[in-house]
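Before any comments, here is the structure.
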Amino acid sequence: MFVVLKRRVIPESLVYSFGTLLLDLLSSRHTHPSHAVNLICDKSFLMLMESCFVDHFSKDDGTELLRLASQCLQFDPCKRPNPKSLVNALAPLQKETEVPSLVLMDIPHRNVAPKQLSPLGEACSRLDLTAIHKQLEMVGYKADVESEAEKEPSFDMWTDPMREALHSRKQGDAAFKAKDFCSAIGCYTKFINIGSLESRTVFVRRCLCYLMTDRAEEALKDSMNALGLHHVWPTGFYLQAAALKFLGMDNDAQEILKEGASLEAMKKKGSKCIGLNSLVLFLQ
C-alpha cells in the first residue's frame, strides 16, 4: 500500500501507509489512518494483536513490530523512519528468510520460465546496468506515445511550462545517452517537478540513473512512480526488480521479474490476436 499525490509516491506518505498496513495486519482489522495512533497508544502487542497470531510471535518481536508501526504513524514526517531503516529493522524478524514475500502472504503468482524474459528483463535479472541502459535507449519513448495521457501535445497546444518541461527532458535525454547520469537526474527531476506533462519513461530512465549512482532507494521509488502512471507496464516491473536486487532483496526481485514477464507475454499474445483478427477482416 502506498499513497500517491499527483501520481507520485511520496516517501513520508509511503512510510505512514506502511504503518497503517502493519497495524491492520497485527490487529486483523482495518483501521482508518486518522485513528491509528490512538489505537496504538498505551497498548501492548498482546492487547492489540489478533489472538490467532499471538503464538507465532515472541513478546520481543511483537513489541518491536508495534514500535515500528508507532514510529511510522508519527504525525511529524521527519520523525518517521526511512524505508531503508524499516527494512533493516524488519529483516531480523523474518524467520523464513528464503521464502519470497508473496509466498509468505499466500498471494498467488504466475510462474514464468526465465527463458521467457525479454532482453530488458534479462538485463534486469542480471543487474546489468549497461545492458539496461542500452535497452532503454533503443525503445525510447514508445510507451509514452502509446498512451493518450502521456502523449506529447501538438505544437500549437504548447504552454510555456510545457516548453520548459520538454526542454528539460531533451537535455536529460542527451545526458542519458552520453551516460552523464548525474546531469540526467537533474534534468529529469526538473521535468517531473514542472508537472505539466507526465511520462513513465522519464521515471524509469531516472530510476536507472539512480542505480548507476548507487541510489537504489530513489530508484525503487521511481519504478513505483512509473507503475503509478501505468500499473501493468512490464518495463516498470523490470526496473523495480533491478532496484530490489540492488537492495539485496533477491527473492522479491525474482517475483517481480516473473510478474513483468507474465504481463509482457500477455501483451504479446494480445498483439498477435489483434493482428490475426485484422488479417481475417482483410481476407473477408
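Start at 1 with the first residue, then count along the sequence. Note that the coordinates shown come from a computational prediction; the quantities given were computed from them, not determined experimentally.
Between Asp222 and Tyr188 the shortest side-chain heavy-atom distance does not fall below 4.5 Å. Side-chain contact between Tyr16 and Leu73: present, with at least one pair of heavy atoms (C-beta onward) separated by less than 4.5 Å. Side-chain contact between Tyr238 and Leu117: present, with at least one pair of heavy atoms (C-beta onward) separated by less than 4.5 Å.
Other members of the cluster containing Ile185 are Tyr210, with ILVMFWY side chains joined at under 4.5 Å, either directly or via other members.
A salt bridge links Arg163 with Asp160; the closest basic N to acidic carboxylate O contact falls under 4.0 Å. A salt bridge is absent between Lys221 and Glu218; no separation between the charged side-chain nitrogens and carboxylate oxygens falls under 4.0 Å.
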Applying side chain to side chain contact (heavy atoms under 4.5 Å, CB included) to Leu68 and Gln71, what does each step give before you reach the verdict? CA-CA 5 Å; Leu68 286 173; Gln71 285 186 332; 4.0 Å; yes
Does the pair Lys84 and Asn88 meet the rule for a side chain to side chain contact (heavy atoms under 4.5 Å, CB included), with working shown? CA-CA 6 Å; Lys84 186 174 182 178; Asn88 291 337; 4.0 Å; yes
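Figure legend: Arg206 and Phe191 shown without cation-pi pairing, the cationic atom not lying both under 6.0 angstrom from the six-membered ring centre and within 45 degrees of its axis.
Evaluation of the side-chain contact (heavy atoms from CB on, under 4.5 Å) rule for Val232 yields His230, Leu263 as partners, not counting sequence neighbours. Listed by chain and residue number, Glu137 satisfy the side-chain contact (heavy atoms from CB on, under 4.5 Å) test with Lys177 (two or more places apart in sequence, or in another chain). Among residues two or more places apart in sequence or in another chain, the side-chain contact (heavy atoms from CB on, under 4.5 Å) test is passed with Asp76 by Cys78, Lys79. In terms of the side-chain contact (heavy atoms from CB on, under 4.5 Å) criterion, residue partners of Lys190 (sequence neighbours excluded) are, by chain and number, Glu164, Ser168, Ile194.
Between the OG1 atom in Thr235 and the CZ atom in Phe237 there is a gap of 11.0 Å [rounded to 0.5 Å]. Atoms CD and CG, from Glu198 and Asn225 in turn, are 10.5 Å apart once rounded to the nearest 0.5 Å. Of the inter-residue distances, the one linking Leu208 atom CG with Ser223 atom OG reads 12.0 Å to the nearest 0.5 angstrom. Here the straight-line distance linking atom CG of Leu197 with atom CD1 of Ile192 works out to 11.5 Å at 0.5 Å rounding. Distance check: Phe246 CZ to Met212 CE gives 10.0 Å after rounding to the nearest 0.5 Å.
Here the closest non-hydrogen pair linking Leu211 and Ala243 is CD2-CA, 4.0 Å.
In this structure a side-chain-to-backbone donor-acceptor pair under 3.5 Å is missing from Ser262 to Glu259. For the pair Arg200 (side chain) and Ala143 (backbone), a donor-acceptor distance under 3.5 Å is present.
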Please report, to 0.1 Å, the donor-acceptor pairs under 3.5 Å made by any side chain of residues 129-136, with sequence neighbours excluded.
unit_1, atom_1, unit_2, atom_2, d
His133, NE2, Phe176, O, 2.7

